[in-house]
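The structure appears below as structure tokens.
Here is how names work: the chains are called A, B, and so on, in the same order as the sequence lines, proteins then strands, and each is numbered from 1.
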Amino acid sequence: MSAINVTLPDGQILEFEAGTTVFAVAAKIGPGLAKAALAGRIDGAIVDLRTPLVGDVALEIVTTRDAQGGDVIRHSAEHVMADAVKRLFPAAQVDAGRSDHSEKFQYDFLVDEPFTPEDIERIEKEMQVILAEGVEFEREVVTRDEAASLFRGLGEELKLSRLSDIPDDAEITIFRHGDFIDLCRGPHVNNTKQIGAIKLTGASGTYFRGDESGPKLQRIYGTAFATRKELKSHLARIEEAKKRDHRRVGVELGLFHMDAVAPGSPFYLPKGTALYNELVDFIRSLYPKYGYHEVLTPQLFRSEVFKTSGHYQKFYDDMYWFDGSDEGEELGVKAMNCPGHCHLFSTGKRSYRELPIRWAEFSRLHRNERSGTLNGITRVRSFAQDDGHIFCEPGQVHEEIASFFEMTNEVYEKLGLEGLEMSVSTRPEQFLGDIADWDIAEKNLIEAVETAGYHCNIKEGDAAFYGPKVEADFRDVLGRAWTLATVQIDTAQPGRFGLRYVGRDGGLHQPAMLHRAVLGSLERFIGIYIEHTGGDFPFWLSPIQVLALPIADRHAPRAREIEKSLAIAGIRAETDDRSETLGFRIRDAEKQKIPLTLVIGDEEVEGGTVSPRLRKSKQAMHAMSAEALIEALQSSNAERRMKPLA
RNA sequence: GCUGGCGUAGCUCAACUGGUAGAGCAUCGGAUUUGUAAUCCGAAGGUUAAGGGUUCGAGUCCCCUCGCCAGCUCCA
């Protein structure tokens, strides 16, 4: 046998015989590491412990300390769950597990009856038994025929179908622990005892390969961690998410109301409307700086416009249509602003001198979203975007994207959102335009992202049908990723609408077109933002910014006076002069997330002062004159500051 | 739209296997006049999502419609 060199993360090089497994390397380094080992990593790719090393490699041992160690544990727990199901329901056929184990695991089963909550409990208990048994995982490389006869023997029809999905030239591996066998690439832990803590989190129905015409399967979800403590903190995080749920917080704060009389369409109460308008005003305030002009285009269009844009063909069922007043006239409620903007561009003779044309619009849009996709205000049928379209010369695209990134950063900074991750989504299966145009556009976008200094992730086939897009994802306080800002190149609509401008050369040229939004859907943004902040909005966005609290009835007139001065100064203020104790009203103000309360008693009335108290603070600030306060708050508003008083 | 679950007062939730719908908060009235996260007393509030069925009797069981939730799918 020939020798190979294994380079460890610390630079140390060890010599082994070719064919040595990852686990053997870990064991050689030390028994502690061998016990903690969950998988290996070679060139960033994760490999199973039982993988034989055939050449010189740089190897890293993945343990529970590694973020990916959790993935291995959850993936292994997934097999244990399927094992438990087979033990309790021998007739169940096993389909496939999950590919992304960063948070949870799942398996789909073909069974006669859906699993009941009691079944789930029994399955979880059986999993605990398997963990306690300390069953060893084994990896085996098999031929296609061996795998086929194995699963045929087990009566696993679905597995045979999955087996045929594997490309001809791919190595076929199976993993087994005890009696349970599955087709799997791994990696897996050595022993079920390494799976410290598991929890089944839910069940739902699904379809084989997501095909609604195919067989119905039952899916069970769960999660697992190396230790009980980690599981507990994960479950606590889910609890925290529930507490921050915008559907709950939005109602508690009196921001909006959802009602069966208009499914998927929010009613904004005055406070929610204040928040909404403040966001729109903010974006609008940046438009002069970034060269946008606002336009207002119709809500209803004859269907021809959407036929031209291509939306009629692709999204007919997802739009609202009705008969117009004229015979045979079909009108569509707009679900996007781009066809209107394209049409508007086409109505005049355009010169290169006026490009780039940047048109923005906040109109309400309506989409007939399928009932099952609706979710609070984050997925609705009636919404508005901070939408905009840029028509420019092809050579100006780079600059426009760079400027858009700049605007995005400015917006997010004021909103206190940090840590953007950029990605480019590439051509989907269904698309309009030429492949060559797509290729150029994709390359342009990737370059623009990298020029702006970001790492560029690629989302294969994830683009809209008319062109590739850049997405800015942000992670909220609970670690969840949300896509907010997007900019997309449109390879289709300028051509379909026959858009032209007169170039320097006097000839007619087709403009490049960009779609872009910083916040995206305002409804969705507000929902996400509520969950991220828990309702503790920045001062400038708070629906009620200041609450005046007179101590006794005799102080109420002065409190009202201050409230009025604040309101005149453009600060959203109210007075709470209810016959309740001060403590009660402060508690109420805290629950309402009001950034600043002003206590007004004898001292303040006499001195013409107010005693401000910041949200969440334990003690009052020093009294200050009402005039000084108003001035300070006005500048906080003007600068859109997070806190009312510096 | 599909699969599963759920729907009781404005909100959060009770009501054992079918046997008189109840509490806290919020609301309203009264008392209290308060100095930085809950003052006390009282009142009102419901065709148990809508409709139909089984039953002596239905919040509870069955059917259907609507909505919501978890997923699937979709996301211009």
Q: Report which part of the nucleic acid A/Asp602 touches: base, sugar-phosphate, or nothing (heavy-atom distance under 4.0 Å, all strands).
A: base

Q: Answer with base, sugar-phosphate or nothing: what part of the nucleic acid does A/Gly376 contact at a heavy-atom distance below 4.0 Å?
A: sugar-phosphate

**Q.** Separation of the C1' atoms in B/C6 and B/U12, to the nearest angstrom
**A.** 16 Å

Q.
Tell me whether A/Arg381 contacts the main-chain N or O of A/Asn368 through its side chain, where contact means a donor paired with an acceptor under 3.5 Å.
A. no

(Q) Does A/Arg585 reach a base, just sugar-phosphate, or nothing at all? Heavy atoms under 4.0 Å. (A) nothing

Q. What does A/Ser611 touch in the nucleic acid at a heavy-atom separation under 4.0 angstrom: a base, only the sugar-phosphate, or nothing?
A. base

Q: Using the P atom on both, measure B/G7 against B/G59 and round to a whole Å.
A: 14 Å

(Q) Over all strands shown, is A/Asp318 touching base, sugar-phosphate only, or nothing at heavy-atom distances under 4.0 angstrom? (A) base

Q | B/A70 OP1/OP2 closer than 4.0 Å to side-chain N/O of A/Asn375 | A | yes

(Q) Side chain of A/Tyr466, heavy atoms from C-beta onward: which of B/G35, B/C69, B/A76 has the nearest atom to it? (A) B/A76

Q) How would you label the contact of A/Glu603 with the nucleic acid (heavy atoms, under 4.0 Å): base, sugar-phosphate, or nothing? A) base

(Q) Let's test this: given Watson-Crick or G-U wobble pairing with both distances under 3.5 Å, identify the partner of B/U8. (A) none

Q | C1' spacing across the pair B/A9 / B/G45, given as an integer number of angstrom | A | 6 Å

Q. Below 3.5 Å, does any donor atom in the side chain of A/Ser579 face an acceptor in the base of B/U32, or the other way round?
A. yes

Q | B/G45 - base-pair partner by Watson-Crick or wobble geometry, distances under 3.5 Å | A | none

Q: Record whether the side chain of A/Arg379 comes under 3.5 Å of the base of B/C75 through a donor-acceptor pair of N or O atoms.
A: yes

